[in-house]
Each structure stands twice: as C-alpha cells, then as structure tokens.
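Comments concern the structure below.
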Amino acid sequence: MKALFETKSEYTYDEYVKFSRTIQNKVQRLWLLQLIMIAAFLALSWLGWKKGNTTDGIAYLIVAVLVPIIFYVVNKWTIKRLYKSNHALQGQISSFRFYQDHFEQDNALGHTSIPYDKLMGIVETKTNFYLLIAKNQGIILIKENCCPELISFVQNLKK
C-alpha cells in the first residue's frame, strides 16, 4: 500500500523541550497546579496579616512568589536530565509514513505502526504536532517538514 504522506523529524533537545512543556501545560495542566499553590500561599499570607502575624504573612507571600520560579528551575533541570538519560533518542531522525487508517515510524531503533484510533490525542502548536500514544509519550511532527496537505490531514485526524 502506498503512503498518502511522508515526513521526517529529528529529536533534538530543543524539540524535546517544546514537546515536554506543551504536554505539561496542555495535557497535564501543570499551570493549574501552580496557580492553586500560589493562591493557597497568598490566602495564608492574607490570614497571617489579618491575625496580626506579619512574619507569617511575609513568609507566605515570599513562598507564593517563589512557586513559579521553583517550578521553572526544577522543570528545566528535569527535562534536561530526562533527555540526556535517553541516549537512544538523542539526535534520532525518524521517518513517518501516513496511511488512511494508521501511520508508521522508522528510525535506527526500529519500526512502529500505530492505528489512528489508538492515539490518545493530537496536540497542535504553531510549529509542531504531537501525536500522543500515552499521556506523557508522543511522536513529534515538525510542521516545517510537512507539506500543507499533511498538515490538513493531521488537523482532520484531531476531529
């Protein structure tokens, strides 16, 4: 059977960072956890001031400000550590062929065939598509490497 579309993607560190951040924000909604934590510490800060304990109020306010900074630093470190730990994917170039009911991926690690109905979801950004095979695992498609027809095809798969 002849493929409808073909493309390639290279798994670089930059692409992995984009993938990880997109999944954390759009699928896992990590931003919501941060927002809840900030709100909780701001509420504790307000309660501290209301009770006349300015030391607690200031401490909780500082923690509320530090929450997004800590999340950012820890997240950046974790993404880098995870990418470096997977030597098999670093710099890996994958070829993709899209058929009517499935797509196939080939790279130095082997061959994979995934039916579209087994995808957990498809996340689209300005530069990429992420075909999710699990909540935290997916295929990176770089739009720059895709023809307009393939982009339309993948967008229609989302529906």
Side-chain angles (χ1 to χ4, degrees), residues 1-43 63-159:
M1 180 187 327
K2 186 173 179 347
L4 301 172
F5 307 102
E6 293 186 26
T7 188
K8 293 180 185 235
S9 292
E10 183 176 357
Y11 285 77
T12 64
Y13 176 70
D14 291 337
E15 290 298 334
Y16 184 74
V17 168
K18 287 193 277 187
F19 170 77
S20 295
R21 292 212 171 118
T22 299
I23 298 310
Q24 289 170 351
N25 290 319
K26 291 190 176 187
V27 177
Q28 299 170 340
R29 308 224 191 288
L30 189 59
W31 62 269
L32 185 58
L33 174 61
Q34 290 180 48
L35 189 63
I36 290 168
M37 289 179 69
I38 291 169
F41 284 117
L42 288 175
V63 172
V65 170
L66 288 176
V67 164
I69 296 168
I70 291 169
F71 264 87
Y72 176 79
V73 170
V74 169
N75 190 28
K76 188 173 182 170
W77 176 78
T78 302
I79 289 171
K80 191 173 200 172
R81 185 177 52 87
L82 287 173
Y83 180 78
K84 285 186 174 185
S85 72
N86 192 346
H87 299 289
L89 274 184
Q90 293 174 15
Q92 190 69 245
I93 297 175
S94 292
S95 298
F96 300 97
R97 286 180 307 287
F98 291 83
Y99 299 90
Q100 200 62 39
D101 61 343
H102 73 284
F103 72 94
E104 296 178 355
Q105 174 185 12
D106 287 302
N107 57 34
L109 300 174
H111 174 82
T112 306
S113 178
I114 300 174
Y116 299 127
D117 63 354
K118 297 295 183 199
L119 290 173
M120 190 195 120
I122 299 173
V123 177
E124 182 178 4
T125 66
K126 288 180 182 181
T127 59
N128 294 342
F129 286 107
Y130 303 114
L131 308 179
L132 302 179
I133 54 178
K135 193 173 183 176
N136 62 350
Q137 185 180 9
I139 306 298
I140 299 171
L141 287 182
I142 302 168
K143 285 183 177 179
E144 186 178 273
N145 300 343
C146 299
C147 65
E149 294 82 10
L150 175 54
I151 291 173
S152 293
F153 182 79
V154 175
Q155 287 170 334
N156 286 330
L157 285 176
K158 287 173 44 174
K159 300 173 185 171

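Only this structure's heavy atoms are used, side chains among them; waters, hydrogens and symmetry mates stay out.
Both the sub-6.0 Å distance and the 45° axial angle are satisfied by Lys143 relative to the ring of Phe129.
Looking at Leu141 and Thr7, their side chains come closer than 4.5 Å, going by heavy atoms from C-beta outward. In this structure, the side chains of Ile142 and Thr127 stay at 4.5 Å or more apart for every pair of heavy atoms.
Ring orientation note: the planes of Phe103 and Tyr116 are close to parallel, at an angle under 30° on the 30°/60° scale.
Checking side-chain atoms of Asn75 against main-chain N and O of Phe71 turns up no donor-acceptor pair under 3.5 Å. With hydrogens and angles ignored, the 3.5 Å screen pairs a side-chain donor or acceptor of Asn107 with a backbone N or O of Gly110.
Under the rule for a side chain to side chain donor-acceptor pair (under 3.5 Å), Glu6 has no partner lying at least two apart in sequence or in another chain.
Using modelled atom types, one finds no donor on one side chain facing an acceptor on the other under 3.5 Å when comparing Asp101 with Tyr99. Judged by distance alone, the side chains of Gln105 and Ser94 do bring a donor and an acceptor atom under 3.5 Å apart.
Taking the six-membered ring wherever Trp is involved, the centroid distance between the rings of Tyr11 and Tyr16 does not fall below 6.0 Å.
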Worked check of side chain to side chain contact (heavy atoms under 4.5 Å, CB included) between Leu109 and Gln92: CA-CA 9 Å; Leu109 300 174; Gln92 190 69 245; 3.8 Å; yes
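For the side chain to side chain contact (heavy atoms under 4.5 Å, CB included) test with Phe19, the passing option among Thr22, Ile23, Val17 is Ile23; the others fail.
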